[in-house]
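One structure is given below, encoded as structure tokens.
Numbering of ligands and ligand atoms starts at 1, following listing order.
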Amino acid sequence: MSIRCLQRPEMPRGGLFFRAPPRVIGHRGAMAKAPENTLASFRRAAKDGSRWIELDVHLTSDGIPIVFHDDELDRTSDGSGPLSAITLAELQRLDAGTWFNPEFAGARIPTLAEAVALSDELGLKMNVEIKPSPGASVATAEAVVELIKTTSRTPQNILFSSFEIDALAAIQRAGQHWPRGLLLDDLHLGWRDEASQLGCSSVHPQHGTLTSADVVLDICETGLAIFTFTVNNPARAKQLLDWGVDAVITDDPAAILAVI
Ligand code: G3P
Ligand code: MG
């Protein structure tokens, strides 16, 4: 029997932002069921019961934050080449749905502003991952914070995350009140210092790094909330939540919610 790292109601791990930990976060919306990072995917995540979504943000060549995962357009749209080389107007002519299923033909790559408006409409909380094209970490983070400031009706419902230290540092400079999470592909030496210097509220490790309840407990003791990705096996999700992670980021929120 593992010893869980329990939340203290008066000061939950990660601070007061995490008073109601999400448990399940829809990865790029509900990407198992709809084309990733589209408004259709965010709507599907909400319909499937997820109260949180995760999405990835890049900048267009004219500096507009848009929701997209890859540096290149080819895999998830009918465009090709680097996303950072095209303007918003060009991007808005692309189809981001047919590759997934012709039933989604005509789905567009959303602007972050559109995703924020939809989240406000649906009452979703957002984990906004800054996923900059090479060399654009600071510019992307600054543009995203500015966009959230000027468009979100519920900025208190937004958690930023990134693998990029420079991006998280830029968000930190924009204001201590913006919650930040450090994404980790591995639990490398020094990650605790990085999270601490960046004033992070949460850590987002790849779930394969969480090899035992003790590893989770060890992270819990830093006081950081734990959001782990990408967990699509319901039994594994249950195990991780039992060990004390605060949320699993999953491609299929309905499948995970069915077992927890
Ligand atoms: O935020 C969790 C996860 O999305 C990080 O990896 O590549 O799917 O954006 P990736
Ligand atoms: Mg992501």
Side-chain angles (χ1 to χ4, degrees), residues 14 17-18 21-39 41-42 44-45 50-59 65-77 83-84 96 100 109-110 112 115-116 119 124-134 136-137 140-141 144 148 157-168 171 178-188 191 194-195 198 200-210 219 224-233 236-237 240-241 245-253 256:
F17 180 73
F18 298 108
R23 311 272 292 164
V24 170
I25 301 176
H27 188 223
R28 309 181 203 168
M31 66 176 276
K33 302 283 179 59
E36 64 183 64
N37 282 328
T38 61
L39 298 185
S41 188
F42 305 144
R44 180 62 193 252
S50 188
R51 303 317 308 149
W52 280 66
I53 52 169
E54 185 266 3
L55 51 81
D56 307 287
V57 181
H58 277 267
L59 290 187
I66 54 91
V67 182
F68 202 76
H69 181 272
D70 298 359
D71 288 344
E72 305 277 328
L73 292 161
D74 306 59
R75 182 179 64 86
T76 58
S77 83
L83 183 154
S84 61
F100 183 83
I109 299 169
L112 179 58
V116 164
S119 296
L124 289 170
K125 296 191 180 190
M126 297 171 88
N127 172 193
V128 175
E129 181 185 343
I130 312 290
K131 181 76 90 184
S133 295
S137 291
T140 306
V144 167
I148 300 286
N157 286 348
I158 292 171
L159 165 68
F160 296 103
S161 65
S162 192
F163 289 104
E164 305 296 325
I165 301 289
D166 289 352
L168 292 171
I171 293 169
W178 296 110
R180 299 171 290 286
L182 177 63
L183 274 156
L184 293 171
D185 273 327
D186 53 48
L187 298 175
H188 58 267
W191 75 262
E194 288 168 3
L198 292 162
C200 287
S201 304
S202 54
V203 65
H204 302 213
Q206 194 275 333
H207 84 89
T209 65
L210 304 178
I219 300 174
L224 296 163
I226 308 172
F227 293 2
T228 186
F229 69 96
T230 301
V231 187
N232 292 327
N233 179 312
R236 173 66 170 155
L240 289 162
L241 290 163
V245 308
D246 296 274
V248 293
I249 300 173
T250 180
D251 299 341
D252 190 353
I256 305 301

By residue and atom, what protein N/O/S atoms are less than 2.8 Å from the Mg ion (ligand 2)? Glu54 OE2, Asp56 OD1, Glu129 OE1
Can you find a pair of side-chain heavy atoms, one from Ile226 and one from Pro205, that are under 4.5 Å apart? yes
Kindly indicate whether the side chain of Phe229, heavy atoms from C-beta on, has any atom under 4.5 Å from the side chain of Asp185. yes
Side chains of Ile66 and Leu83: closer than 4.5 Å at any heavy-atom pair? yes
So does Asp252 get a backbone contact from the side chain of His27, meaning a donor-acceptor N/O pair under 3.5 Å? no
Say whether Glu129 and His204, considering side chains only, have a donor N or O and an acceptor N or O under 3.5 Å apart. no
Trace of the side chain to side chain donor-acceptor pair (under 3.5 Å) decision for Asp186 with Thr209: CA-CA 6 Å; Asp186 53 48; Thr209 65; over 6 Å; no
Any protein N/O atoms within less than 3.5 Å of an N/O atom in ligand 1? List the atom names and distances, or say none.
from     : atom 1 : to     : atom 2 : distance (Å)
ligand 1 : 1 (O)  : Glu54  : OE2    : 2.8
ligand 1 : 1 (O)  : Glu129 : OE1    : 3.2
ligand 1 : 4 (O)  : His27  : NE2    : 2.8
ligand 1 : 4 (O)  : Glu54  : OE2    : 2.6
ligand 1 : 4 (O)  : Glu129 : OE1    : 3.2
ligand 1 : 7 (O)  : His69  : NE2    : 2.7
ligand 1 : 7 (O)  : Lys131 : NZ     : 3.1
ligand 1 : 8 (O)  : His27  : NE2    : 2.9
ligand 1 : 8 (O)  : Arg28  : NH2    : 2.8
ligand 1 : 9 (O)  : Asp56  : OD1    : 3.1
ligand 1 : 9 (O)  : His69  : NE2    : 3.3
ligand 1 : 9 (O)  : Glu129 : OE1    : 2.9
ligand 1 : 9 (O)  : Lys131 : NZ     : 2.8

Side chains of Phe100 and Thr38 in contact at under 4.5 Å (non-hydrogen atoms): no
Would you mind reporting whether Phe42 and Asn37 have side-chain heavy atoms less than 4.5 Å apart? yes
Side-chain contact test, heavy atoms from C-beta onward, threshold under 4.5 Å: evaluate it for Leu210 versus Arg236 and give yes or no. yes
